[in-house]
Each structure stands twice: as C-alpha cells, then as structure tokens.
Amino acid sequence: MSDGIEIRLVSSDVEAIDGLEANDKAALLDLSDNRITGLKGLEQFPSIETLTLDNNLLESVEGMPCLPKLKTLWLNKNKIGDHDATLDVLAKQVPQLQYLSLMGNDCCKSELSGNSKDELERYRLYTIYRLPSLQLLDFAPVLPAEREKASSKGQFLKVSKAKEQDTSVVGEAQTNKLLEQATSKKQQATFGKQRRFYTGKFSEGNRFIRDDVL
C-alpha cells in the first residue's frame, strides 16, 4: 500500500458514509462494526486502496463509485445475497481488485455454511472468472489451477441467487473463528506504513464525521 492517510472508525455508530468528511488522500478506510446500509459517499475517498466494511448492514454493493485504486475489499458479515449482481458492480467499478472477502454473507459459498465442495468450486471459479485480477478470495489464495479453470469454464458456472436461509449456530461460530484467525494475515497483507491514522468511537477520528450527524 502507498504511504497515505489511514482512517479507522470502527464501532463508531456510523450509519451513513456520506456523513463523513471527505478525504481525497486516504489510502485506507476501515468502517467495520457499524450500521451502514449503503455505499453513497464513498466517492469522497477516491484514493483508497483498502476498504473494510465488515459487520455492517449492507444488502448489496449498489452505489459503489468508481475506485480505480482499490485493491482490497472486505465485506464480511453483511447481508449481501445476490452474488452475480455484486460481481457486476465490482467488475465495473473496481477493476484492479486483488483481495476480496464475502464471508458471512448469503452470497458466499463455504463448507462451513453447509455448501458442498462442488458448490464452493463453482462459486470460486465464477468469481475468479468475473474478477480476473483477484489474488485472494475469502482468505484463500487464488491458485494457478483455479485461474486456468476459471478462464476456460467460468462463464458457464454462474451461481444462482442465494435464498434466505437460517445459518446454523455451529456454522456461524466456525465462520467467526476463521475470520478471527484471518485478521492478522489480513493486516499483514494490507496495512502498510501510514502517515496518520484515527481510530475509535471517542478518538480524533470523529473529526471525519460532520457535526450534524454526531
């Protein structure tokens, strides 16, 4: 990641991105553990390379602006259900995306969620086919064999829209554990040296939220 500003507003009661103060030099934006339902306002951060929106209330990525520098996108534990619609947006708006995780969403296929190995393979291959720059998907590296198979067969492996379903307690616990284990790897892979960062609900980070939404 380039040497830039890192903005973290984790667990800060953020409900809307357009309530944040614009920053065209921010390289990292972490808005995990909030109540965000839409992506309006992301255009205020045109230089971000890493965007973390884990554990919010997103049902889709509709409204994602063009972010040509974005390489890392974490959307774990939201409410995103339409896999193909998600890929339509990402392929168009973030063409340089290299690291993507959708774990904990209905659109994500995982053995931990009860999906078969065949369903998981179809999901991965189709995602890799649609987003050919990916190097890592759901914390698992994209292997050369997967990339080759995705290139030849991916167009035929469109994943059907996920139906609303109950997530088992065991499956959710396993997913949470896997996400926790992946956190340190995620940080090592994406959090480079930054000039400044703001973090926490009661920190200086709140200067990025306009007074009228505090």
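For D106 (side chain) and I80 (main-chain N/O), no donor-acceptor pair under 3.5 Å exists by modelled atom type. Counting only distance, with no hydrogens or angles, the side chain of N78 and the backbone of L53 share a donor-acceptor pair below 3.5 Å. Proximity of a side-chain donor or acceptor of D30 to a complementary backbone N or O of S32 within less than 3.5 Å is detected. In this structure, N34 contributes its side chain and N56 its backbone to no donor-acceptor pair below 3.5 Å. Although no hydrogens or angles enter the test, the distance criterion places a donor-acceptor pair under 3.5 Å between the side chain of R124 and the main chain of L137. Side chain of S12 to main chain of V10: a donor-acceptor pair is present (N/O by atom type, distance under 3.5 Å, no hydrogens or angles).
No side-chain donor-acceptor contact under 3.5 Å links N115 and Y123.
A distance of 8.5 Å separates OG in S152 from CG in L125, rounded to the nearest 0.5 Å. Interatomic distance, OG1 of T127 versus CD of E146, reported as 10.0 Å (0.5 Å rounding). Rounding to the nearest 0.5 Å gives a distance of 7.5 Å between CG of L102 and CG of L87. Here R8 contributes atom CZ and L28 contributes atom CG; the two are 6.0 Å apart, rounded to the nearest 0.5 Å. Rounding to the nearest 0.5 Å places CD1 of I17 at 7.0 Å from CG of L51. Atom CG of residue L57 and atom CD1 of residue I36 lie 9.0 Å apart, to the nearest 0.5 angstrom.
Across all non-hydrogen atoms, the minimal contact from Q44 to L20 is NE2-O, 3.4 Å. Nearest approach of N76 to D54, heavy atoms of both residues: N-OD1, 3.0 Å. Taking every heavy atom of both residues into account, N105 and K77 meet most closely at ND2-N, 3.9 Å. Considering every non-hydrogen atom in both G81 and C107, the closest pair reads O-CB, 3.6 Å. Closest non-hydrogen pair, P46 versus P68, comes out as O-CD, 4.4 Å. Of all heavy-atom pairs between T50 and W74, the closest is CG2-NE1, 4.5 Å.
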What do the steps show when you test K69 against I48 for side chain to side chain contact (heavy atoms under 4.5 Å, CB included), and what is the final call?
-> CA-CA 6 Å; K69 296 184 178 181; I48 54 173; over 6 Å; no
Given the rule in the side chain to side chain contact (heavy atoms under 4.5 Å, CB included) test, do Q96 and L67 qualify, once you have shown the distances and angles that lead to the verdict?
-> CA-CA 9 Å; Q96 301 303 316; L67 296 171; over 6 Å; no
With side chain to side chain contact (heavy atoms under 4.5 Å, CB included) as the test, would you mind laying out the steps for E62 and V89 before giving the verdict?
-> CA-CA 7 Å; E62 183 179 353; V89 174; 5.5 Å; no
Check the pair L29 / L42 against side chain to side chain contact (heavy atoms under 4.5 Å, CB included), numbers first and verdict last.
-> CA-CA 10 Å; L29 180 62; L42 270 181; 4.0 Å; yes
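Salt bridge absent: E49 and K71 never bring a charged side-chain N and a carboxylate O closer than 4.0 Å. Under the 4.0 Å criterion applied to side-chain N and carboxylate O atoms, D138 and K109 are not assigned as salt-bridge partners.
Shown are Q93, E43, K92; of these, the side-chain contact (heavy atoms from CB on, under 4.5 Å) with C66 is made only by Q93. Each of Q98, R147, Q135 was compared with V142 under the side-chain contact (heavy atoms from CB on, under 4.5 Å) criterion, and only R147 meets it.
Within the 4.5 Å cutoff, side-chain heavy atoms of M64 are placed close to those of L73.
By the 30° and 60° cut-offs, the orientation of the rings of Y126 relative to H83 is tilted.
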